[in-house]
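All values below were derived from every heavy atom in this structure, side-chain atoms included, with hydrogens, water molecules and symmetry-related copies excluded. Throughout, a chain's letter reflects where its sequence line sits, starting with A, and its residues are numbered from 1.
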Amino acid sequence: MAKEFMLTNFQEKVLSAIKKIPKGKVSTYALVARGAGKPKAFRAVGNALHINPYAPVFPCHRVVKSDGSLGGYAGGVKKKIALLKKEGVSVKGNKVMNFHEILMRF
DNA sequence: GTCGTGACTAGCC
DNA sequence: CGGCTAGCCACGA
């Protein structure tokens, strides 16, 4: 059921990994890719979330770049920052401050 | 089956 | 610290 969302196996894995990220914490594309079984597919991970219109369904705003940058967001990076701050994440400009402190490793 | 694109990463200057 | 290049994967046309 719910065939409205034709996601591939890879997407499913990526989304599933992101959903495991607790509130107030963040993860990186590389980590998610690793959890998906393709540690070098961080590129595809970004694609997966980008094409994925389920922004509020998946905490994609908790996924940032490896260097602590927010990266991007299907609804607008601005929104991503607002959401992170709301969850208790310190964000400055387009980067996470205590990135390593709230970074969640799988 | 082939080409181009993208919410990336790591290395180098 | 900042900017550029090359390499990587999956998806759509």
Side-chain angles (χ1 to χ4, degrees):
Chain A
M1 54 208 261
K3 291 191 199 117
E4 313 132 60
F5 307 140
M6 311 236 296
L7 300 179
T8 64
N9 192 357
F10 183 74
Q11 300 269 39
E12 218 177 274
K13 246 172 168 189
V14 174
L15 299 169
S16 201
I18 294 165
K19 277 196 296 199
K20 297 186 314 184
I21 303 173
K23 182 175 147 214
K25 291 215 169 173
V26 297
S27 189
T28 70
Y29 295 95
L31 273 304
V32 176
R34 202 170 186 284
K38 258 79 172 147
K40 278 180 181 189
F42 30 72
R43 264 269 207 191
V45 174
N47 266 10
L49 299 177
H50 184 209
I51 67 165
N52 187 16
Y54 317 103
V57 182
F58 299 97
C60 18
H61 57 266
R62 288 182 194 150
V63 184
V64 298
K65 300 220 278 184
S66 263
D67 62 338
S69 293
L70 297 181
Y73 192 62
V77 184
K78 246 181 128 133
K79 191 135 184 125
K80 188 168 183 172
I81 297 168
L83 283 162
L84 287 169
K85 283 176 133 188
K86 248 184 201 187
E87 304 209 334
V89 178
S90 301
V91 182
K92 178 81 171 201
N94 71 314
K95 285 176 206 161
V96 180
M97 300 212 31
N98 43 352
F99 170 56
H100 261 265
E101 305 243 330
I102 61 176
L103 174 58
M104 195 236 158
R105 297 194 197 176
F106 283 90

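- Listed by chain and number, the residues in a side chain to side chain contact (heavy atoms under 4.5 Å, CB included) with A:Pro22 are A:Lys25, A:Met104 (sequence neighbours excluded).
- Residues that satisfy the side chain to side chain contact (heavy atoms under 4.5 Å, CB included) test with A:Lys86, not counting sequence neighbours, are absent from this structure.
- In this entry the distance linking CZ of A:Phe42 with C1' of B:dA7 reads 14 Å, nearest Å.
- With rounding to whole Å, A:Lys95 atom NZ is found 18 Å from B:dA7 atom P.
- In terms of heavy atoms, A:Gly72 sits closest to A:Val77 at CA-CG2, 3.9 Å.
- Evaluation of the salt bridge (charged side-chain N to carboxylate O under 4.0 Å, His left out) test over residues 57-72 of chain A, restricted to residues two or more places apart or in two chains, returns A:Arg62-A:Glu87.
- Looking at residues 62-69 of chain A, you'll see A:Lys65, A:Ser66 sit with a heavy atom under 4.0 Å from some atom of DNA chain B.
- Rounding to the nearest 0.5 Å places OG1 of A:Thr28 at 8.5 Å from CD1 of A:Ile21.
- Minimum atom distance to the side chain of A:Lys40 is reached by C:dC9, of the listed B:dT9, C:dC9, B:dA7.
- No single ILVMFWY cluster, assembled from side-chain heavy atoms under 4.5 Å apart, contains both A:Ile102 and A:Leu31.
- For A:Phe99 against A:Ser66, the heavy-atom pair with the smallest separation is CE2-O, 3.4 Å.
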Shorter than 3.5 Å, N or O on both sides, protein versus nucleotides 10-13 of chain C: list them out with atom names.
{"from": "C:dC11", "atom 1": "OP1", "to": "A:Thr8", "atom 2": "OG1", "distance (Å)": "2.4"}

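- Every residue two or more places apart in sequence or in another chain that forms a side chain to side chain contact (heavy atoms under 4.5 Å, CB included) with A:Leu83 is listed here: A:His61, A:Tyr73, A:Lys79.
- Of the residues listed (A:Val26, A:Val63, A:Ile81), the one engaging A:Leu70 in a side chain to side chain contact (heavy atoms under 4.5 Å, CB included) is A:Ile81, and it is the only one.
- In this structure A:Lys78 satisfies the side chain to side chain contact (heavy atoms under 4.5 Å, CB included) test with no other residue, sequence neighbours excluded.
- Note: CG (A:Leu70) to C1' (B:dT9) measures 17 Å, nearest angstrom.
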Quick one: the dot-bracket string of DNA chain C, using Watson-Crick and G-U wobble pairs with both distances under 3.5 Å, [ ] for crossing pairs and | for bases paired to another strand.
-> .||||||.|||||
